[in-house]
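The structure under discussion appears below in the form of structure tokens.
We use all heavy atoms of the structure for the numbers below, so side chains are in, but hydrogens, waters and symmetry mates are not. This structure is a prediction, so every number in the text was calculated from the model and none was measured. The first residue of the sequence shown is numbered 1, and numbering continues consecutively from there.
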Amino acid sequence: MRDAVPTIRARWHDIADTADLVATSLRTSALGAWLVPQEDRRGAVLTAASRIWVEHALLFGEVFLLADRSAAAVWFHRYRPLPPPANYRQRLEAACGRHVDRFQTLDLILNAHRPTEAHNHLAFLAASSPARASALLAASLIRMDRVALPAYAEATTTVEAAIYTRHGYVARDPFALPDGTTVHPLWRVPSGHRAFPAVRSRNSRPQRPRKELRLTAT
């Protein structure tokens with residue numbers, strides 16, 4: 001971007017803005033349509049569900065925003081197994097109503113494929129444009145690299161995957177969601193450090209490191 005927008009660390013008063021950004025990024029996606037088929041209810045449900053995880057990230061991770069509120073990055077520090085959000089089942093039911101089973105199914109699938117090694121997990125990267133997403137990701141990674149742990153993310157479009165690979169992430173074996181969306185897991189060794197062992201998810205065998213899969217935005 002010609003004029004760089006400062007990055008700020010989100011606080012509790014930023015929860016609503018962050019949840020709105022995450023929900024907006026999901027609302028027009030195939031995954032968002034599967035989670036909440038009712039278009040007139042989709043935005044409200046996705047915002048309420050996103051708020052649960054944004055709050056949780058402020059306790060067990062970090063949330064970064066561009067100062068103009070055009071992008072948000074929601075990180076979890078997965079140095080050890082994390083507890084679920086407080087009263088998660090009840091809060092998810094209240095947020096999602098009759099769609100709660102789909103959100104729970106998504107949770108189970110993503111958890112099953114998540115790496116077991118200690119890492120920083122970028123759960124959501126939401127932005128008004130790919131350029132804004134890339135700018136915030138770059139700023140976030142500078143801070144994440146300070147703890148010398150790998151970073152993990154999941155992309156659901158080739159545009160998202162291209163942003164991650166541009167910043168040093170390496171694609172791993174993809175997997176499918178119930179709506180047919182392909183998820184591309186990506187793993188990044190922190191800048192200036194030697195490669196970490198190959199990623200192992202909860203339902204996979206150890207694998208040799210694979211060559212980087214370079215994806216281009218379409």
Is the Lys NZ or Arg CZ of Arg78 less than 6.0 Å from the centre of Phe76's six-membered ring, within 45° of the axis?
yes
Working for side-chain contact (heavy atoms from CB on, under 4.5 Å), residues Gln104 and His99
CA-CA 9 Å; Gln104 290 174 331; His99 308 297; over 6 Å; no
Looking at [atom1] of [X] and [atom2] of [Y], how far apart are the two atoms once the value is rounded to the nearest 0.5 Å?
X	Y	atom1	atom2	value
Leu26	Leu35	CG	CG	7.5 Å
Thr7	Ile142	OG1	CD1	8.5 Å
Leu186	Ile163	CG	CD1	11.0 Å
Ser134	His167	OG	NE2	2.5 Å
Arg41	Cys96	CZ	SG	9.5 Å
Glu93	Asp101	CD	CG	9.0 Å

Might you point out which heavy atoms bring [X] and [Y] nearest each other, and give the distance in Å?
X	Y	value
Arg42	Pro37	NH2-O, 3.3 Å
Ala155	Ala161	CB-N, 3.6 Å
Ala126	Ser25	CB-OG, 3.7 Å
His119	Glu117	ND1-O, 2.6 Å
Leu65	Ala72	CD2-CB, 3.5 Å
Gly32	Leu46	CA-CD1, 4.4 Å

Under a single-linkage definition using a 4.5 Å side-chain heavy-atom cutoff for Ile, Leu, Val, Met, Phe, Trp and Tyr, are [X] and [Y] assigned to the same hydrophobic cluster?
X	Y	answer
Leu141	Leu136	yes
Leu92	Leu59	yes
Leu21	Leu66	no
Ile8	Val63	no

Working note: Thr156 + His184, criterion side chain to side chain donor-acceptor pair (under 3.5 Å); need CA distance, chi angles, decisive distance, verdict.
CA-CA 6 Å; Thr156 57; His184 301 276; over 6 Å; no
Is a side-chain donor or acceptor of His56 paired with a backbone partner of Pro83 at a separation under 3.5 angstrom?
yes
Backbone of Gly43 reached by a side-chain donor or acceptor of Thr47 within 3.5 Å:
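Side chain of Thr47 to backbone of Gly43, a donor-acceptor pair under 3.5 Å: yes, one is there.
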I'd like to know if Arg188 pairs up with Asp145 as an ion pair, taking the criterion as any Lys NZ or Arg NE/NH1/NH2 lying under 4.0 Å from an Asp or Glu carboxylate oxygen.
yes
Identify whether the distance between the nearest side-chain nitrogen and carboxylate oxygen of Glu154 and Arg172 falls below 4.0 Å.
no
I'd like to check [X] versus [Y] (side-chain heavy atoms, cut-off strictly below 4.5 Å). Are they in contact?
X	Y	answer
Asp68	Arg132	yes
Leu149	His77	no
Trp53	Thr18	no
Thr165	Val170	no
Leu122	Tyr152	no
Trp34	Leu177	no
Val147	Tyr79	yes

Suppose we call two aromatic rings close when their centres sit under 6.0 Å apart. Are Trp75 and Phe60 close by that rule?
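Distance test on ring centres: not under 6.0 Å, no.
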Derivation of the side-chain contact (heavy atoms from CB on, under 4.5 Å) call for Glu55 and Trp12:
CA-CA 8 Å; Glu55 290 181 6; Trp12 286 98; 4.0 Å; yes
Stepwise, does the side-chain contact (heavy atoms from CB on, under 4.5 Å) test hold for Val36 with Phe103?
CA-CA 9 Å; Val36 188; Phe103 282 83; 3.9 Å; yes
Can you tell me if Glu39 has over 12 outside heavy atoms packed within less than 6.0 Å of its CD?
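No.
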Go through the steps for Asp20 and Arg69 under the test salt bridge (charged side-chain N to carboxylate O under 4.0 Å, His left out), then give the verdict.
CA-CA 10 Å; Asp20 284 344; Arg69 301 306 196 269; over 6 Å; no
Between Glu62 and Arg9, is the salt bridge (charged side-chain N to carboxylate O under 4.0 Å, His left out) condition met? List the steps.
CA-CA 7 Å; Glu62 294 180 81; Arg9 189 172 177 182; 3.5 Å; yes
Going through the checks in order, is the side-chain contact (heavy atoms from CB on, under 4.5 Å) test met by Leu125 and Phe64?
CA-CA 10 Å; Leu125 179 61; Phe64 299 109; over 6 Å; no
